[in-house]
Amino acid sequence: MAIPERFLDEVIARTDLVDLVSESVRLTKKGSSYWGCCPFHSEKTPSFHVVPDRQIYKCFGCGKGGGAINFVMELENLSFREAVEVLAKRAGMQMPESVGPSADARQRREKLLELNRQAARAFHSWLYSPEGAQGLSYLQKRGLSKATLTRFGLGFAPNSWDALIRELGKQGYDKRDLLDAGLAVNNKDGRIYDRFRNRVMFPIIDVRGNVIGFGGRVMDDSTPKYLNSPDTPVYNKSRNIFALNIAKKTKADRVILTEGYMDTISLHQAGFDSAVASLGTALTEEHAQLLSRYFKQAIISYDGDGAGVAAAQRAIPILEKAGLKVRVLRVTGAKDPDEFIKKYGRDAFARLLDKSENQVDYRLDQLRQKFDLEDDTQKVAFLQEAAQMLAGLHSAVEREIYGGHAAQTAGVSPETMAQEINRALKVRLRREKKQQERRDLSPASQMQPRSRGLRYENIRSARAEEGVLRLLLLDPDLLREAQGLTGAEFSSPLLGRAYDRLKARAEEGLSLHLAALAEEFTGDEMDHLAQVAAQPESAANARQAMADYIAVIRREALLRSSAGSGDDLLRAAQRRYQEKKAYMEEKP
Ligand SMILES: [Zn+2]
């Protein structure tokens, strides 16, 4: 059962967006609205805007926007229903009792989490049973202590098609449940069997302590060597980070990013309790955002092989964008941190961490390796590429320091390098200025939604459609002036749908807050609707403005429908429009 509209309306009415946002963002009043640093992207100067009289927020940096409900959805990563629950509780309201898909979904989630917990227990106990002997000996050979095995809840999946299915069956779970949790798979014939077989098992635990998935390392030569849970209703691999549940409690202010389970666990055992790993996927922006909630600095500690270097190069800008200071660890004399610690001890590794390179030096060094600096032509090429890279640094001090490093590497004077960087910087600034000018010259493109899927086909009509929406949000009574306009007449399907929804709400006597649309519109769509709502619109002359907008929408719709059907029709349409316009201008 959906949340009753009246209840939703009451929740929205009792929520003041400025108060709500203030709980997580420091807002400053400027004129009639508020500004602060955006909670959805990292920034130092405020571009996050809250408009109290429209109850909307809009970030001019990352584009996120909407009303109170989406704010909570985005900030806490919740579903529509969960966000309404949070707001209702905050407003001292009792959620209506309901059975139905949403309540079901929540129960399903809880059931999956409990199932995962039971599976983790079963795996862990198998590790110490005869079936798990091979797994235990593997982990012991890797030097893991019993305390570490317990701390990370490591386990073993027996070499059997249905050990887990039978074990959890005893607790009342059926095969379907295991399929949902990603713990079982079915083949073409519909036979359902255990996904993880003959593998050492690593439970993946979220920051709240729930077991949300598993990784398994195979004991024989079969592939893949590491198998992870698929995405399920409780596990999303681009959002979760292995061992963050433990690392978030560290006293260290830097997180150590490794490539996998074993690296992470060995580092923890050696006392580096801020090690984590992203799993089964390259580092995503969501991972970086999550890390930036707990840490200021990230040390990338990937393998030194080609794949590791490429992954590090990819991760650097993602982490920097999330506001983390990035350093890159270079392990010498061993293939990975695990081997290094075993060979040289933990103190040597701690020194290595302290010496880890700033990411600029790291990138310079990667660049140098592409050139033979004995050869003059290649030396020049290296210096030019380095100058271009360093010209991208924002601070002059940084450009000077790293310019010095590059100069030293190539054996030229720092002054020469500085000149080269300045030249590259000038070219860069000129290019950026040109791009800016081009953007300024095409205001139409500025109006376009950020998301490509929502692009306007007809800018002139879309401008008017946006105007109609803004007016309705300002004053729902203006619907009486809408001359029977429907969303089908709009050129933008998104704006048309939003109009129909607002109209339907108004007809039911419900409020016209943007927040109420959060359930039916996607995040991208809400971002754009908030952008539309945040534009200035005068309430003076609103009736006339409404009539003008509608005239534009109808004329453009006519032109669209007559396109390709001959000039006569087009002229007729234009004539009708002129007549109508004249008629409307006569109206008082
Ligand atoms: Zn933002």
Side-chain angles (χ1 to χ4, degrees), residues 3 7-93 95 207 239 285-286 288-294 321-323 449-451 469-470 473-474 498 502 510-537:
I3 300 172
F7 179 82
L8 190 59
D9 230 28
E10 184 69 23
V11 172
I12 294 170
R14 286 206 206 174
T15 304
D16 178 60
L17 188 61
V18 175
D19 287 347
L20 176 71
V21 173
S22 298
E23 288 168 11
S24 44
V25 177
R26 193 201 315 225
L27 291 174
T28 317
K29 191 159 195 253
K30 273 189 207 159
S32 63
S33 59
Y34 293 80
W35 292 84
C37 286
C38 178
F40 305 117
H41 84 279
S42 148
E43 62 175 6
K44 292 191 182 71
T45 47
S47 48
F48 186 81
H49 187 196
V50 182
V51 191
D53 56 355
R54 299 180 200 181
Q55 290 289 303
I56 57 166
Y57 67 92
K58 179 73 204 165
C59 173
F60 293 96
C62 66
K64 293 251 181 262
I69 300 173
N70 316 58
F71 182 79
V72 176
M73 286 168 74
E74 293 273 356
L75 193 72
E76 316 242 341
N77 197 5
L78 297 176
S79 68
F80 175 79
R81 193 193 168 81
E82 290 164 335
V84 173
E85 261 180 54
V86 168
L87 290 176
K89 203 165 155 200
R90 195 175 161 277
M93 293 167 67
M95 278 295 272
V207 286
R239 284 200 186 146
E285 286 190 20
E286 285 149 313
Q289 281 289 344
L290 184 57
L291 291 176
S292 73
R293 276 196 219 159
Y294 302 99
K321 201 173 151 210
R450 283 197 180 213
S451 166
L469 287 183
R470 262 194 304 272
L473 291 169
L474 275 178
L502 291 177
L510 296 164
S511 76
L512 294 198
H513 282 303
L514 206 54
L517 304 186
E519 187 171 23
E520 293 145 273
F521 292 79
T522 66
D524 278 351
E525 291 172 340
M526 286 305 285
D527 291 346
H528 186 63
L529 291 176
Q531 160 79 21
V532 170
Q535 301 300 313
E537 184 74 49

A.B. asks: Is there a donor-acceptor pair under 3.5 Å between the side chain of R239 and the backbone N or O of E286?
C.D. replies: no
A.B. asks: What I want to find out is whether K89 reaches E85 closely enough, with some N-O distance under 4.0 Å, to be called a salt bridge.
C.D. replies: no
A.B. asks: Taking Q55 for the side chain and P52 for the main chain, is one N or O donor matched with an acceptor at less than 3.5 Å?
C.D. replies: yes
A.B. asks: Looking at every heavy atom in both G61 and S47, which two are closest together, and how far apart are they?
C.D. replies: N-OG, 3.6 Å
A.B. asks: In sequence, state the C-alpha distance, the side-chain angles, and the governing distance for L517 and M526, and then conclude on side-chain contact (heavy atoms from CB on, under 4.5 Å).
C.D. replies: CA-CA 8 Å; L517 304 186; M526 286 305 285; 4.1 Å; yes
A.B. asks: Take a 6.0 Å sphere around CZ of R14 and say whether it holds more than 12 heavy atoms from other residues, nucleotides or ligands.
C.D. replies: yes
A.B. asks: When rounded to the nearest 0.5 angstrom, what distance separates CZ in R470 from CD in Q535?
C.D. replies: 5.5 Å
A.B. asks: Determine, step by step, whether V11 and I3 satisfy the side-chain contact (heavy atoms from CB on, under 4.5 Å) criterion, reporting the C-alpha distance in whole Å, the side-chain angles of both residues, the deciding distance to 0.1 Å, and the verdict.
C.D. replies: CA-CA 11 Å; V11 172; I3 300 172; over 6 Å; no
A.B. asks: For the residue pair F40 and Y57, categorise the inter-ring angle as parallel (less than 30°), tilted (30 to 60°) or perpendicular (more than 60°).
C.D. replies: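 Tilted, since the angle between the ring planes falls between 30° and 60°.
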A.B. asks: Compile the donor-acceptor pairs under 3.5 Å between side chains in residues 28-39 and protein atoms, sequence neighbours left out, one pair per line.
C.D. replies:
{"from": "S33", "atom 1": "OG", "to": "H49", "atom 2": "NE2", "distance (Å)": "2.8"}

A.B. asks: Within the 4.5 Å heavy-atom criterion, are R54 and L474 side-chain neighbours or not?
C.D. replies: yes
A.B. asks: Check for a donor-acceptor pair, side chain of D9 on one end and backbone N or O of L510 on the other, with a separation under 3.5 Å.
C.D. replies: no
A.B. asks: If you compare all heavy atoms of A88 against all heavy atoms of F7, which two are closest, and at what distance to 0.1 Å?
C.D. replies: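 A88 and F7 have their closest heavy atoms at CB-CZ, 3.9 Å.
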A.B. asks: Heavy atoms, side chains only, cut-off 4.5 Å: are R81 and M95 in contact?
C.D. replies: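 Yes - at least one pair of side-chain heavy atoms lies under 4.5 Å apart.
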A.B. asks: Test side-chain contact (heavy atoms from CB on, under 4.5 Å) on L514 and N70; report intermediate values, then the result.
C.D. replies: CA-CA 10 Å; L514 206 54; N70 316 58; over 6 Å; no
A.B. asks: Could I get the full list of side-chain hydrogen bond (donor to acceptor under 3.5 Å, both in side chains) partners for R90, not counting sequence neighbours?
C.D. replies: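 For R90 the side-chain hydrogen bond (donor to acceptor under 3.5 Å, both in side chains) partners, ignoring immediate neighbours, are E23.
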A.B. asks: Closest approach of A83 and M73, non-hydrogen atoms and distance?
C.D. replies: CB-CG, 3.5 Å
A.B. asks: Is the shortest heavy-atom distance from the side chain of L473 to the side chain of I56 under 4.5 Å?
C.D. replies: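 No - every pair of side-chain heavy atoms lies 4.5 Å or more apart.
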A.B. asks: Does some side-chain heavy atom of L20 sit less than 4.5 Å from a side-chain heavy atom of V72?
C.D. replies: yes
A.B. asks: Return yes when atom CD of E520 has more than 12 non-hydrogen atoms of other residues, nucleotides or ligands closer than 6.0 Å, and no otherwise.
C.D. replies: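 Yes, enclosed.
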A.B. asks: For A518 and F80, work out which heavy atoms get closest and say how close.
C.D. replies: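 Closest approach of A518 to F80, heavy atoms only: C-CD1, 3.7 Å.
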A.B. asks: Side chains of L469 and L529, heavy atoms from C-beta outward: is any pair under 4.5 Å?
C.D. replies: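 Yes, at least one pair of side-chain atoms sits under 4.5 Å.
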A.B. asks: With distance as the sole test, does K64 use its side chain to make a donor-acceptor pair with the main-chain N or O of K58 at under 3.5 Å?
C.D. replies: no
